[in-house]
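Have a look at the structure below before the remarks.
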Amino acid sequence: MDLEVSPALTIPASELSWRFSRSSGPGGQHVNTSDSRVELCWNIASSAALSDGQRIMLVTRLGRRLIAGVITVTASERRSQLRNREIALAKLAELVTAGLAPDAARRRPTKPTRSSGRRHLAAKQQRSATKRQRQRPSAE
């Protein structure tokens, strides 16, 4: 089952490796016998599905999550291994999509208008006058 990250990128199932282990949490006696926790690993460094530019972008953006070029996603939210597999695939797709997303446009700094500056100063003067009226009158 290939993972379609976007229309332009599909990760083949042969590049994904699965590991299963016992999950902690609720489930009673069933938890002690079933391997419902899922670990999904994908080697970004040696993936044939990525272009060189995509690989560099993913390695730089997901660098802290990578161990030797491999990204690992775990899922143990559900009691069912099948559901946890689906969750792990969705998490990996979300991570890769976020890693390949283009940078946001830089904000162009603007100056406040002259009238907004006047309104700002008028509000400060009003506030100052209010606080001055709250003071205890002098002894003179």
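- The shortest side-chain heavy-atom distance between L58 and L50 falls under the 4.5 Å cut-off.
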List the steps and the verdict of side-chain contact (heavy atoms from CB on, under 4.5 Å) for T72 and L40.
CA-CA 6 Å; T72 304; L40 175 61; over 6 Å; no
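- Looking only at side-chain heavy atoms (C-beta outward), N84 and R37 stay at 4.5 Å or farther from each other.
- Of the inter-residue distances, the one linking S80 atom OG with R85 atom CZ reads 10.0 Å to the nearest 0.5 angstrom.
- Annotation for R107 and T110: closest pair NH1-N, 4.1 Å, computed over non-hydrogen atoms.
- For residues 8-18, the side-chain hydrogen bond (donor to acceptor under 3.5 Å, both in side chains) pairs, not counting sequence neighbours, are E15-W42, E15-S47.
- Residues I87 and I71 do not share a hydrophobic cluster, clusters being chains of Ile/Leu/Val/Met/Phe/Trp/Tyr side chains in contact below 4.5 Å.
- Within 6.0 Å of atom CD in E94, 12 or fewer heavy atoms from other residues, nucleotides or ligands are found, so the atom counts as exposed in its surroundings.
- Using a 4.0 Å cut-off between charged side-chain N and carboxylate O, K91 and E77 make a salt bridge.
- Around the CG atom of L121, the shell of radius 6.0 Å holds more than 12 heavy atoms that belong to other residues, nucleotides or ligands.
- Across every non-hydrogen atom of S116 and T113, the tightest pair is OG-O, 2.8 Å.
- Separation of atoms NZ (K131) and CD (Q126) is listed at 12.5 Å; rounding is to 0.5 Å.
- The salt bridge (charged side-chain N to carboxylate O under 4.0 Å, His left out) contacts involving residues 43-65 comprise D52-R55, R61-D103, where partners must be two or more places apart or lie in separate chains.
- Taking CD1 of I56 as the start and CD1 of I44 as the end, the distance is 12.5 Å to the nearest 0.5 Å.
- Considering OG of S21 and CD of Q81, their distance stands at 9.5 Å, rounded to 0.5 Å.
- Two residues are said to be in side-chain contact when any heavy atoms from C-beta on lie closer than 4.5 Å; D2 and I11 fail this criterion.
- Note on V5: it does not cluster hydrophobically with V70, by side-chain heavy-atom contacts below 4.5 Å among ILVMFWY residues.
- Atom CZ of R19 sits about 4.0 Å away from atom CD of E39, to the nearest 0.5 Å.
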Evaluate the side-chain contact (heavy atoms from CB on, under 4.5 Å) criterion for residues L89 and L16: first the C-alpha distance (whole Å), next the side-chain angles of each, then the deciding distance (0.1 Å), finally the verdict.
CA-CA 10 Å; L89 284 170; L16 299 174; 4.1 Å; yes
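- Considering CD of Q133 and OG of S128, their distance stands at 10.0 Å, rounded to 0.5 Å.
- Contact of the V38 side chain with the T74 side chain is not registered, since no non-hydrogen atoms from C-beta on lie closer than 4.5 Å.
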